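Note sheet for the following structure.
All figures in this text were calculated on a predicted structure; none of them were measured in a lab. Values reported hereafter were calculated over all heavy atoms of this structure, with side chains retained and with hydrogens, waters and symmetry mates removed.
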Amino acid sequence: MSSESRGKIFVVSGPSGSGKSTLLNKVQSKREFSRNLVKIVTVTTRQPRNGEKNCRDYIFLDKDEFLRRLKNKEFAESEEVFGKYYATPKEALLKTINQGRDALLCVDVKGARSIKRAFPQEAILIFISVADIEKLRQRLCQRSTETKEALKKRLKIARKELSCAKNYDYIVDNDVLPEAVEKLSSIITAERLKVK
């Protein structure tokens with residue numbers, strides 16, 4: 001299939017606590033995106049958080065099954081973060097873009113680089129940012145899922161990730177959610193309207 005008839009891959013990254021999941025859910029639920037914007041659900045070995053559902057928020061696997069799929073090259077990209085594995089299922093991604101629909105991915109900065117290398121024509125990189133590290137710390141504390149040590153690690157990684165934002169095609173500040181939803185929606189719409 002030619003790249004002109006393939007869908008785009010909107011790759012969203014940002015530090016823990018930047019509100020990526022909430023933002024993506026809001027954008028995807030908009031009527032204009034309901035048919036042609038498909039969220040590719042990330043596979044992970046981490047435990048579900050309160051309220052998370054298998055196959056909706058993540059595909060939860062045990063480590064052995066994850067490694068079996070990794071060995072069988074079933075992932076478009078994969079990363080290990082805090083001793084847990086995360087990956088993008090290749091079959092779901094290819095099926096979506098080969099149908100001419102757009103894929104929405106939520107991956108870390110390394111995963112975003114991998115997707116851009118694998119799909120240089122289709123991938124559009126969007127970084128979700130917040131005003132400052134203190135805001136991130138507050139959001140992570142509100143989750144009540146982090147130990148003090150894990151929180152410290154996440155904030156250290158967040159600083160590194162924020163420095164990578166300059167390598168993305170777009171940066172969206174998520175300090176005010178409705179504004180961020182409109183910005184991200186505008187990016188998706190503009191990319192779809194681009195002359196190939």
Side-chain angles (χ1 to χ4, degrees), residues 9-28 37-97 102-119 122-123 125-130 133 136-137 139-165 167-168 174:
I9 304 171
F10 294 99
V11 183
V12 176
S13 307
S16 289
S18 61
K20 299 180 297 292
S21 297
T22 303
L23 178 56
L24 295 188
N25 289 337
K26 293 271 188 198
V27 168
Q28 198 192 12
L37 186 63
V38 179
K39 183 182 174 198
I40 306 300
V41 181
T42 298
V43 176
T44 185
T45 60
R46 79 157 170 77
Q47 290 299 304
R49 292 188 185 122
N50 267 348
E52 286 182 335
K53 286 198 168 94
N54 192 33
C55 297
R56 183 193 70 188
D57 301 294
Y58 286 91
I59 297 168
F60 296 100
L61 300 178
D62 64 32
K63 186 177 175 182
D64 289 342
E65 177 61 14
F66 185 97
L67 294 175
R68 184 191 70 75
R69 293 188 190 191
L70 181 64
K71 189 177 178 184
N72 288 342
K73 300 186 179 346
E74 293 180 31
F75 300 134
E77 60 81 33
S78 64
E79 296 297 331
E80 184 181 354
V81 182
F82 299 122
K84 304 296 180 199
Y85 293 93
Y86 295 82
T88 301
K90 189 190 294 182
E91 186 181 352
L93 177 60
L94 289 174
K95 182 180 174 188
T96 299
I97 65 170
D102 297 327
L104 186 60
L105 304 183
C106 187
V107 299
D108 71 2
V109 293
K110 287 182 191 167
R113 278 197 300 267
S114 297
I115 293 290
K116 188 68 172 179
R117 273 196 303 271
F119 301 93
E122 296 87 358
L125 306 186
I126 304 164
F127 192 87
I128 307 302
S129 189
V130 292
I133 288 287
L136 281 180
R137 193 188 67 72
R139 288 180 182 179
L140 289 169
C141 287
Q142 286 168 358
R143 274 188 193 170
S144 302
T145 58
E146 311 290 337
T147 64
K148 279 188 179 179
E149 194 53 42
L151 181 63
K152 198 184 281 187
K153 274 186 191 171
R154 283 198 186 274
L155 290 172
K156 186 177 178 185
I157 288 172
R159 285 186 181 92
K160 263 189 206 166
E161 288 177 331
L162 287 165
S163 72
C164 294
N167 301 320
Y168 279 66
N174 190 15

**OP:** Answer yes or no: is there a donor N or O on one side and an acceptor on the other, between the side chain of Asp62 and the main chain of Asp64, under 3.5 Å?
**Re:** yes
Subject >> salt bridge (charged side-chain N to carboxylate O under 4.0 Å, His left out) partners of Asp108, counting only residues at least two apart >> reply: none
Subject >> salt bridge (charged side-chain N to carboxylate O under 4.0 Å, His left out) partners for Glu65, two or more places apart >> reply: Arg68, Arg69
Original post:
Gln28: what forms a side-chain hydrogen bond (donor to acceptor under 3.5 Å, both in side chains) with it, not counting sequence neighbours?
Top reply: none
Subject >> Sub-4.5 Å side-chain heavy-atom contact between Ser18 and Ile128 >> reply: yes
Original post:
Residues two or more places apart in sequence or in another chain: which of them pass side-chain contact (heavy atoms from CB on, under 4.5 Å) with Lys53?
Top reply: Arg56, Asp57
Original post:
Of Tyr86, Phe60, Tyr58, Phe75, which meets ring-ring contact (aromatic ring centres under 6.0 Å, His included) against Phe66?
Top reply: Phe75
Original post:
Are Glu80 and Tyr85 close enough that some pair of their side-chain heavy atoms sits under 4.5 Å apart?
Top reply: yes
Original post:
Any side-chain heavy atom of Val11 sitting closer than 4.5 Å to one from Val107?
Top reply: yes
**OP:** Report the residues that fulfil side-chain contact (heavy atoms from CB on, under 4.5 Å) with Lys95, sequence neighbours left out, ordered by chain and then residue number.
**Re:** Gln99
Subject >> Smallest separation among heavy atoms of Ile115 and Ala76, with atom names >> reply: CD1-CB, 4.0 Å
Original post:
Does the side chain of Leu93 come within less than 4.5 Å of Phe119's, by heavy atoms?
Top reply: yes
Original post:
With sequence neighbours excluded, what pairs up with Tyr168 under the side-chain hydrogen bond (donor to acceptor under 3.5 Å, both in side chains) test?
Top reply: Ser13
Subject >> Interatomic spacing from OG1 in Thr88 to CD1 in Ile9 - rounded to 0.5 Å >> reply: 9.5 Å
Subject >> Pairwise distance OG1(Thr96) to CD(Glu91) - rounded to 0.5 angstrom >> reply: 10.0 Å
**OP:** Just jot down the side-chain contact (heavy atoms from CB on, under 4.5 Å) partners of Ser114, sequence neighbours excluded, or say none.
**Re:** Glu77, Glu79, Arg117
Original post:
Can you tell me how far CD1 of Ile126 sits from CZ of Phe10, rounded to the nearest 0.5 angstrom?
Top reply: 6.0 Å
Original post:
Who are the side-chain contact (heavy atoms from CB on, under 4.5 Å) partners of Val41, not counting sequence neighbours?
Top reply: Ile59
Original post:
Counting N and O atoms only, with roles assigned by atom type, does the side chain of Lys84 sit under 3.5 Å from a partner on the main chain of Lys63, one being a donor and the other an acceptor?
Top reply: no
Original post:
Looking at residues at least two apart in the chain, or sitting in another chain, which of them share a side-chain hydrogen bond (donor to acceptor under 3.5 Å, both in side chains) with Arg113?
Top reply: none
Original post:
Measuring from Leu24:CG to Cys106:SG, what's the distance to the nearest 0.5 Å?
Top reply: 5.0 Å
Subject >> Heavy-atom side-chain proximity of Leu37 to Val27 below 4.5 angstrom >> reply: yes
Subject >> Least distance between heavy atoms, Pro89 atom then Ile40 atom >> reply: CD-CG2, 3.9 Å
